Visitor: 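One structure, pasted below without further comment.
All heavy atoms count here, side chains included; hydrogens, waters and symmetry mates do not. The structure displayed is predicted, hence computed values, not measured ones. Order of appearance sets the numbers: ligands from 1, and atoms from 1 within every ligand.
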Amino acid sequence: MEEKKRGAFSGSIGFILAAAGSAVGLGNMWRFPYLAARNGGGLFLVIYIILALTFGFTMLTTEIAIGRKTKQSPLTAFSQLSKKFKFAGVFACIVPFIILPYYCAIGGWVIKYFVDFIIGNGEAATADGYFGGFITSQWAPIIYMLIFFVLTAFAVFKGVEGGIEKLSKILMPALIVIVICVSIFSLTLKHTDAGVTRTGLEGLKIYVLPSFEGVTVGKFFSILMDAMGQLFFSLSVAMGVMIAYGSYVKDEDNLGKSVNQIEIFDTGVAFFAGVMIIPAIFTFLGREGLESSGPGLMFVALPKVFQAMGPVVGRIVGIVFFAMVLFAALTSSVSIMEAVVASFNDQFHWERKKSCIIESICCLVIAIVVCLGYNVFMFEITLPNGAAAQILDILDYLSNNLLMPIVAIAECILIGWVCGPKTIEDEICKGGNKFGRKGLYNVMVKFIAPILLFVLLLRAVGIFNLLGINL
Ligand code: PHE
């Protein structure tokens with residue numbers, strides 16, 4: 001009975017596109033390129049790819065397999081494997097609950113820029129202080145956040161196959177086409193500024209060739225930790241999403257193969273996001289443009305680049321670019337909301353509609369507070385890791401830096417030491433499928449992943465700063 005009522009993806013393709021849709025999001029489009037630019041280009045890429053193939057693969061496999069094995073969402077899945085790990089389920093459900101409101105706030109910013117380029121307001125968007133003026137205004141961020149939220153909630157409300165899968169099947173292929181076209185375009189760019197001509201291909205070199213300039217052991221370690229934190233967020237692991245999606249996968253589907261494809265998708269799009277953005281910024285704004293943009297890369301530096309392409313080309317590229325980011329963000333926010341809704345469904349046996357309404361109310365209240373965090377609730381505190389923060393950053397810190405490593409450590413201990421990696425192996429091998437990289441998986445889940453995660457957690461709570469170690 002229970003199983004019949006549970007939603008399901010129609011097949012492997014639906015699942016892979018939905019999971020890739022979850023993984024490919026603002027993290028890939030916005031955070032990855034600026035982290036790469038800041039951390040020595042190719043060096044960051046190499047570290048990231050190695051981590052994705054080892055650590056990312058381990059976490060993704062674990063979660064999807066836990067989901068399919070238990071047929072439960074995060075809140076209830078862990079306790080089915082071991083009563084003592086119920087707390088991990090609670091944490092894994094709190095993470096998406098915290099992330100959704102601020103993800104929707106940022107999704108609203110994307111819609112704002114998308115609309116700006118459509119109505120021909122792209123030039124105004126390049127003015128100094130435009131972005132700051134927008135996020136500190138009282139109503140506009142809330143209205144755009146609401147639009148983004150309604151789109152998200154609608155897909156979740158329509159259910160697994162009729163909403164989430166359908167949306168991903170339309171948006172993900174469109175996204176790939178746009179990513180490829182914009183990447184090629186970016187590489188063909190050429191611009192002369194104050195007598196200096198720069199090209200997209202030179203920008204590509206900065207992005208992919210490893211730079212060891214100024215790389216000390218401490219810096220290397222800090223790049224490693226940055227890459228690992230990014231990998232978590234990017235693969236949507238340690239926040240219950242992949243457990244929820246895994247629970248909708250049919251028993252006969254090949255999990256190992258799906259995990260590989262999701263990873264390739266996510267890492268590929270992150271890589272190409274860099275190919276789209278870094279050469280374009282380098283060509284038009286030079287090396288300083290790259291070094292100074294940081295998190296403002298997407299909303300501050302890129303509009304300037306689009307403007308420099310001329311009114312018509314810039315407008316078209318701006319529309320296409322922000323449409324692509326919007327697609328990526330939407331399929332991710334849908335998955336974040338689904339993790340919470342599915343948890344409510346499983347824990348309280350509510351109907352999807354009721355869970356959606358209750359989660360919508362909670363999310364909207366917090367999201368409005370987040371939007372007002374740059375206006376009436378404006379304040380700034382310093383986080384334990386030394387960063388200055390407003391409400392959005394505090395939620396990001398709580399979820400990403402604290403709760404996610406805790407959930408991930410709990411998962412590794414549960415699988416590595418309590419249930420044993422064989423639990424996951426059996427799930428992957430169901431129906432005669434093969435588990436490639438099994439040896440690697442065992443070592444990672446038992447030893448390497450929990451140790452790396454623990455160091456990541458220590459760094460987040462500022463232990464290294466306290467000890468005067470600059471990592
Ligand atoms: N993985 C998504 C991204 O890269 C973000 C995300 C976070 C999705 C949490 C689901 C859950 O932007």
Visitor: Excluding sequence neighbours, so at least two apart, what forms salt bridge (Lys or Arg N to Asp or Glu O under 4.0 Å) with Glu263?
Guide: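 Partners of Glu263 under the salt bridge (Lys or Arg N to Asp or Glu O under 4.0 Å) test: Arg437.
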Visitor: Below 4.0 Å from any atom of ligand 1, which residues have a heavy atom? Give them in chain and number order, please.
Guide: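 Its neighbours under 4.0 Å (heavy atoms only) are Ser22, Ala23, Gly25, Leu26, Gly27, Asn28, Tyr103, Phe233, Ser234, Ser236, Met239, Val241, Ser332, Ser335, Ile336, given by chain and number.
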Visitor: Mind checking whether Phe134 and Phe131 have parallel, tilted or perpendicular rings, split at 30° and 60°?
Guide: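 Plane angle between 30° and 60°, so tilted.
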Visitor: Are any of the side-chain nitrogens in Asp346 or Arg6 under 4.0 Å away from the carboxylate oxygens of its partner?
Guide: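 Yes, Asp346 and Arg6 are salt-bridged.
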Visitor: Which pairs of donor and acceptor atoms, one on a side chain in residues 144-161, lie under 3.5 Å apart (sequence neighbours left out)?
Guide:
unit_1, atom_1, unit_2, atom_2, d
Thr152, OG1, Phe148, O, 3.0
Thr152, OG1, Ser333, OG, 2.8

Visitor: Please name all residues satisfying ring pair (Phe, Tyr, Trp, His ring centres under 6.0 Å) with Phe306, sequence neighbours left out, ordered by chain then number.
Guide: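 Counting only residues at least two positions away or on another chain, Phe306 forms a ring pair (Phe, Tyr, Trp, His ring centres under 6.0 Å) with Phe117, Phe321.
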Visitor: Start with the C-alpha distance between Ile66 and Glu427, add both sets of side-chain angles, then the distance that settles side-chain contact (heavy atoms from CB on, under 4.5 Å), and finish with yes or no.
Guide: CA-CA 8 Å; Ile66 290 181; Glu427 189 56 39; over 6 Å; no
